[in-house]
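For reference, the structure discussed in these notes is given below.
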Amino acid sequence: MKLFDHSIRHKSVALSVVLLISLLMNKALSASDENSVAPLATFDFAIAETLNAIDHPPRFLSGLRGYETYSRQDGILPDTTNLGYRHLPNLELLASDPPSHILISPPAHASLLPRLRNIADVKEYPLYQHADGEGEHNGWEIIEELTLQLGDLVEDPDAAERYIKQSRRHFTSLKQALADIDSPLLVVRLMDERHARVYGAGSVEGMMLNRLGLENAWQKDLGQWGMTTVSATPLFDIDAKLVFLDSPYGPDGGVEQLISDGQWRHLPNVKQGNYTIIPVNYWSWGGLPAARRFADSLASYLSEGGGTRSLKQ
């Protein structure tokens, strides 16, 4: 009988140990799940996509639906709460569950700083032209530094460094693949039958042309956002392959229609079929993730079979 009782007690203790270990493992897994979304809020797409790329997506993003549309990535941040419109964030919702930090990129949202500071600590990350008010600046260094700073903020610097190294290798590979392209490129987004945006330094497009060893044909003035709006006239004398950006907000075939109509069809490079159309699936002032998506699309469409179009007569 004593032997039987001893056996029962032994099994009971063993079962208790197993249950305790199981409970501790479940708690650890639950804690891991809870921490998979960093307690951060941001109103900036470059910051949000960089956090996501290093596996620490923000808890809140203002303009989430717009970002999904612009990047053509539905559900890209499944555990992130949308704070409404990018420039009209729902501060009441944010205050109801305050994050550890609110991350912005001035000058955007600078007017909200007093209200934001009443909700949580605010950290500012100026990007592109706004990161350096004097002299030359290196957009590539700025978005790499952003990645490192965010890695430090979420206490995972290794993840940030890995992503930077991975991105560098990726761009080096693309640059080698595009080494035979010696024609300057002119990156253009048609706004209507008479106006277009041209991109250069201070935007993802301009930065990536430089990074990939490609020449940007636009050497004239740009606005502070790395682009300028022009009519067709100044484009007639530029000898370059035209890269038309197809906005996700435009109708299907909208770029082709604009190219086939009105003054755009008379551009020499359009008449010669020396153009390509690539989809905008990135944010033009984004971080490394945006740069990679633009670079991949550009490389794909400039590669064999993707670079020349014929204009329908």
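Worth knowing before you read on, the calculation uses all heavy atoms, side chains too, and leaves out hydrogens, waters and symmetry mates. Residues take their numbers from the sequence shown, with the count starting at 1.
Here R65 pairs with E68, N82 under the side chain to side chain contact (heavy atoms under 4.5 Å, CB included) rule; sequence neighbours left out.
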- request: Decide yes or no on side-chain contact (heavy atoms from CB on, under 4.5 Å) for T50 and I47, but give the supporting numbers first.
  value: CA-CA 5 Å; T50 301; I47 293 173; 5.9 Å; no
- request: Let me see the working for E205 and W218 under side-chain contact (heavy atoms from CB on, under 4.5 Å), right down to the final yes or no.
  value: CA-CA 12 Å; E205 296 84 358; W218 186 260; over 6 Å; no
message: Pair L83, F43 - check side-chain contact (heavy atoms from CB on, under 4.5 Å), show working.
response: CA-CA 9 Å; L83 286 176; F43 307 152; 3.7 Å; yes
task: Dump the intermediate steps for side-chain contact (heavy atoms from CB on, under 4.5 Å) on V280 and D246, then the final yes or no.
output: CA-CA 6 Å; V280 173; D246 184 15; 5.7 Å; no
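With hydrogens and angles ignored, the 3.5 Å screen pairs a side-chain donor or acceptor of T42 with a backbone N or O of L103. Put simply, the side chain of S105 gets close to the backbone of Y125: a donor and an acceptor are under 3.5 Å apart. Judged by distance alone, with hydrogens and angles left aside, the side-chain atoms of N216 form a donor-acceptor pair with the main-chain N or O of Y199 at under 3.5 Å. Between the side chain of S96 and the backbone N or O of L93, at least one donor-acceptor pair lies under 3.5 Å. Proximity of a side-chain donor or acceptor of S167 to a complementary backbone N or O of Y163 within less than 3.5 Å is detected.
Going from atom CG of N269 over to atom CG of L242 covers 5.0 Å, rounded to the nearest 0.5 Å. With rounding to the nearest 0.5 Å, the separation of CD1 in I142 from CD in Q149 is 10.5 Å. Atom CD of E144 sits about 5.5 Å away from atom CH2 of W140, to the nearest 0.5 Å. Distance check, rounded to the nearest 0.5 Å: CG of L288 to CG of L146 gives 8.0 Å. Atom-to-atom distance recorded for L148:CG and E145:CD is 5.5 Å, nearest 0.5 angstrom. Between atom CG of residue L51 and atom CG of residue D156 there is a gap of 11.0 Å, rounded to the nearest 0.5 Å.
The local environment of CZ in R115 is sparse, with at most 12 non-hydrogen atoms from other residues, nucleotides or ligands closer than 6.0 Å.
Across every non-hydrogen atom of R168 and R211, the tightest pair is CG-NH2, 3.9 Å. In this structure, W264 and A196 approach most closely via the heavy-atom pair CH2-CB, 3.6 Å. Here the closest heavy-atom approach between residue Q263 and residue F236 is recorded as O-CZ, 4.3 Å. Looking at every heavy atom in both residues, P99 comes nearest to L94 through CD-CD1, 3.8 Å. Closest approach of T147 and A160 over heavy atoms only: O-CB, 3.3 Å. The two residues V198 and L222 come nearest to each other via the heavy atoms O-CD2, 3.8 Å.
Using a 3.5 Å distance cut-off with no hydrogens or angles, the side chains of Y67 and E49 do pair a donor with an acceptor. A donor-acceptor contact closer than 3.5 angstrom is absent between the side chains of H109 and D44. Counted by atom type alone, R293 and S71 present zero donor-acceptor pairs between their side chains at under 3.5 Å.
Remark: R86 qualifies as a cation-pi partner of F45 under the 6.0 Å distance and 45° angle criteria applied to the six-membered ring.
The aromatic ring centres of W283 and F294 sit 6.0 Å or more apart.
R292 has its side chain within reach of H170: a pair of non-hydrogen atoms, C-beta onward, lies under 4.5 Å apart. In this structure, the side chains of D74 and T69 stay at 4.5 Å or more apart for every pair of heavy atoms. Put simply, the side chain of V154 reaches to within 4.5 Å of the side chain of I54, judged on heavy atoms. Between Y275 and I259 there is a side-chain heavy-atom pair separated by less than 4.5 Å. Side-chain atoms of S297 and N281, non-hydrogen and from C-beta on, do get closer than 4.5 Å to each other. Using a 4.5 Å heavy-atom threshold, the side chains of E256 and F244 count as separate. Between L153 and H101 the shortest side-chain heavy-atom distance falls below 4.5 Å. In this structure, the side chains of M207 and I143 come closer than 4.5 Å at one or more pairs of heavy atoms.
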Tabulate below the donor-acceptor pairs under 3.5 Å that side-chain atoms of residues 182-194 make, not counting sequence neighbours, or state none.
from, atom 1, to, atom 2, distance (Å)
R189, NH1, Y70, OH, 3.0
R189, NH2, S247, OG, 3.1
D192, OD1, R194, N, 2.7
D192, OD1, H195, N, 2.7
D192, OD1, H195, ND1, 3.2
D192, OD2, H195, ND1, 3.4

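Y85 belongs to a hydrophobic cluster with L88, counting contacts under 4.5 Å between side-chain heavy atoms of Ile, Leu, Val, Met, Phe, Trp and Tyr, direct or through other members.
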